[in-house]
Structure formats: structure tokens, C-alpha cells
Amino acid sequence: MIRLANIRKSFGRHEVLKGIDLTVEKGEVVVILGPSGSGKTTLLRCVNFLERPDDGEITIGDLTVHCKRPGKQDVHRLRGKTAMVFQQYNLFRHKTALENVMEGLVVVRKVPKDEARRRSVELLEKVGLGDKLDAYPSQLSGGQQQRVGIARALAASPEVILFDEPTSALDPELVGEVLAVIRKIAKEGITMIVVTHEMGFAQDVASRVVFMDQGAVVEEGNPKELFRNPKEERTRQFLQRITPEAVYTI
């Protein structure tokens, strides 16, 4: 279980997160929607302290971190319970797909190389890249690079995978292959928090949808109910703008 309590974050005088409370149960896929600048990505980055929250508590499993005065060891343990899939892939350019997936296992988790290789090959095959083990990022499409990023996240066996707009940097024809992989792993019961603008994905895969605006959670609920009949006017405005024809016809 993941619990965020009163998460606050400011950059200078600009308050980006205004006391966010959110609970994610084990095996849930929670999709966070909202306009640009609503605080979605900042919230995601606060979960594993890529951004340090100014206040609040983060609980993942048996670990609670107090954000005002976090201990270094607690932050390290928190990061060990999470894995992030970034917008821009963040692969090592000089390493092959296989080496990119192995890196964290060997260097961070001290897994023996033979075991790390076996695990990494299995995961690359799982995301449909069994024939690209020795390819470098420059030899892969954007969709393939993102699938390497997903395999790398899975390799860490995290308690939660955080997806930061995983298709936003992709050409439209490559979006589907990445979403198909995320759908596949979602069916395995892996806990995920996904920031995305992909409305179809949110409706099909999410256990719950959270709508954020101006640093606060405006509304959350079952995807079908939220898309069909949003309770808040701000949610309705956003969905009509993003999916004017489809939002009420699921």
C-alpha cells in the first residue's frame, strides 16, 4: 500500500502541491490526469524523492518517510521500493539494451552478472525486444527505447512503478506499442501510478483515475464513472476539452 499525506511542494513562491492526500492499494493502477502545470509530474517525482517534498509523509509498504526531515537511509530505502519510467527514456547511450537493463541489477543491487543477464533477457523478451538485446539506443525507435525503460523498471522488482507521461515523446504510430506493454504488465497485478494524457488508456486500464488542477486533487474515482459523469465542473471542463466526443460515450 502507498499513502501520501499532506504532500506539499513549492518552487520559490509558487506552491505546486497544496497538501495532496492519496492512497494506492497493492495491485492498483492509478492514472493521474490534469492540465499542464497542475502538479502531476511533481507529485510523481516526490513519491521517490527525485523532488524533495517540503512537508507531508510518504508511506510505501512498511516504510514511512517524514518529508520535512527525511533520513538519508529512509530516502534510500524509499527509492529502492520504486522504479520510474521517464518521458525521455534516460537510457545509457553507450550501453546496449541488455546492458541498460542489467546495470541497476549489477551495480546497485549487486546481483551476480549471470543471474542479472538471465533476468534482463527474460524482461526484454517480455516487452517484445528479445531480438534487440545487443542494439544501442541510437539503433532503436522511440517506442523500443521506452520498452527498454519499462524492462529496466521491472528488473528492480519494485513495489510500485511510476510512469511519467511514458508516451509523450513518441511519434503517434509508436504510442500503441508502449501502451500495449503497460497494459500487459498491469494485468499481472503490479502497482502503478501513471501520469498520462492518453484518455483511452486511462479508461481501459486504470483501477482509479485522479484529476488534478492547480496543485490539488479535484476529483477521483472509478474511470467509467468519472468519465461518464464527473461530479466537479472543473473535471467536466477538462474532459470535454480533451475528449469532446468520447467522454460521455464509453
Side-chain angles (χ1 to χ4, degrees), residues 2 24-33 40-41 44-45 47-48 50 81-93 95-105 109 111 116-210 223:
I2 300 157
V24 181
E25 299 296 338
K26 185 176 181 180
E28 266 198 305
V29 178
V30 172
V31 170
I32 302 177
L33 305 177
K40 308 181 302 295
T41 290
L44 201 70
R45 291 172 65 86
V47 173
N48 66 353
L50 286 177
K81 291 174 176 285
T82 71
M84 175 81 86
V85 176
F86 298 91
Q87 294 181 40
Q88 298 292 340
Y89 326 134
N90 284 20
L91 301 181
F92 294 110
R93 311 302 298 178
K95 292 183 180 293
T96 65
L98 179 60
E99 290 168 339
N100 265 282
V101 179
M102 288 179 61
E103 182 77 5
L105 291 174
R109 297 181 180 266
V111 176
R117 178 184 175 83
R118 177 189 57 77
R119 172 72 171 152
S120 298
V121 169
E122 287 178 356
L123 290 170
L124 286 166
E125 289 175 345
K126 184 175 191 172
V127 300
L129 294 175
D131 60 340
K132 299 292 184 181
L133 303 181
D134 297 322
Y136 289 90
S138 62
Q139 299 171 312
L140 300 173
S141 70
Q144 289 170 334
Q145 290 185 62
Q146 191 60 291
R147 284 188 277 156
V148 174
I150 293 171
R152 178 180 59 189
L154 289 168
S157 299
E159 293 189 27
V160 58
I161 301 181
L162 311 171
F163 291 86
D164 182 15
E165 299 194 29
T167 61
S168 65
L170 299 178
D171 293 334
E173 66 268 23
L174 301 178
V175 169
E177 68 184 54
V178 172
L179 292 181
V181 169
I182 300 175
R183 283 186 175 95
K184 179 180 178 181
I185 63 176
K187 291 179 181 178
E188 298 178 3
I190 296 173
T191 307
M192 297 191 287
I193 304 175
V194 186
V195 169
T196 184
H197 290 297
E198 298 291 339
M199 298 297 111
F201 173 84
Q203 295 176 58
D204 293 345
V205 180
S207 311
R208 187 155 39 100
V209 173
V210 175

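All values below come from the heavy atoms of this structure, side chains included, with hydrogens, waters and symmetry mates left out.
Listed for the Asp164 side chain is no donor-acceptor partner under 3.5 Å among the backbone atoms of Thr41. The closest donor-acceptor contact from the side chain of Arg109 to the backbone of Ala156 lies under 3.5 Å. Looking only at distances, a side-chain donor or acceptor of Lys184 sits under 3.5 Å from a matching main-chain atom of Lys126. At least one donor-acceptor pair under 3.5 Å links the side chain of Thr96 to the backbone N or O of Glu99. Checking side-chain atoms of Ser207 against main-chain N and O of Val30 turns up no donor-acceptor pair under 3.5 Å.
Other residues, nucleotides and ligands contribute over 12 non-hydrogen atoms within 6.0 Å of the CD atom of Glu125. The environment of Lys95 atom NZ is dense: over 12 non-hydrogen atoms of other residues, nucleotides or ligands sit within 6.0 angstrom.
Taking all atoms of both residues into account, the shortest heavy-atom contact from Val85 to Gln146 is CG1-OE1, 3.3 Å. Summarising the geometry of Leu129 relative to Val148, their closest heavy-atom pair is CD1-CG2, 3.6 Å, with the distance given to 0.1 Å. Scanning all heavy atoms of the two residues, the minimum distance from Asp134 to Gln139 falls at O-OE1, 4.2 Å. Closest approach of Val194 to Pro166, counting heavy atoms only: CG1-CD, 4.4 Å. Nearest heavy-atom pair, Leu154 versus Pro158, reported as atom, atom and distance to 0.1 Å: O-CD, 4.1 Å. In terms of heavy atoms, Tyr136 sits closest to Arg93 at CD2-O, 3.8 Å.
Contact check for Phe163 versus Met192: side-chain heavy atoms found under the 4.5 Å cut-off. Counting heavy atoms from C-beta on, the side chains of Lys26 and Glu159 never come closer than 4.5 Å. Phe201 has its side chain out of reach of Val175: every pair of non-hydrogen atoms, C-beta onward, lies at least 4.5 Å apart. Residues Pro223 and Val31 have side chains not in contact (no heavy-atom distance under 4.5 Å, counting atoms from C-beta outward). In this structure, Arg152 and Leu91 have side chains that are in contact, with non-hydrogen atoms separated by less than 4.5 Å. Within the 4.5 Å cutoff, the side chain of Arg119 has heavy atoms near those of the Ser157 side chain. A heavy-atom distance below 4.5 Å is found between the side chains of Leu44 and Met84.
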Checklist line | Worked check of side chain to side chain contact (heavy atoms under 4.5 Å, CB included) between Leu33 and Val209 | finding: CA-CA 7 Å; Leu33 305 177; Val209 173; 3.6 Å; yes
Next item on the list: Verify side chain to side chain contact (heavy atoms under 4.5 Å, CB included) between Val178 and Ile150, making sure each step is shown before the conclusion.
Entry: CA-CA 9 Å; Val178 172; Ile150 293 171; 4.1 Å; yes
Item checked: Check against side chain to side chain contact (heavy atoms under 4.5 Å, CB included), Tyr89 and Leu140 -> CA-CA 12 Å; Tyr89 326 134; Leu140 300 173; over 6 Å; no
Next item on the list: Check step by step if side chain to side chain contact (heavy atoms under 4.5 Å, CB included) holds for Gln144 and Glu177.
Entry: CA-CA 8 Å; Gln144 289 170 334; Glu177 68 184 54; 4.2 Å; yes
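Atom-to-atom distance recorded for Ser168:OG and Gln87:CD is 3.5 Å, nearest 0.5 angstrom. Atom CG of Asn48 sits about 13.5 Å away from atom NZ of Lys81, to the nearest 0.5 Å. Taken from CG in Asn90 to CG in Asn100, the straight-line distance is 10.0 Å, to the nearest 0.5 Å. A distance of 9.5 Å separates CD in Glu25 from CD1 in Ile2, rounded to the nearest 0.5 Å. The CG atom of Asp204 sits 9.5 Å away from atom CG of Leu179, with the distance rounded to the nearest 0.5 Å. Of the inter-residue distances, the one linking Leu162 atom CG with Thr191 atom OG1 reads 10.5 Å to the nearest 0.5 angstrom.
Ion pair Arg118/Glu122 flagged as a salt bridge, since at least one NZ, NE, NH1 or NH2 atom sits closer than 4.0 Å to an Asp/Glu carboxylate oxygen.
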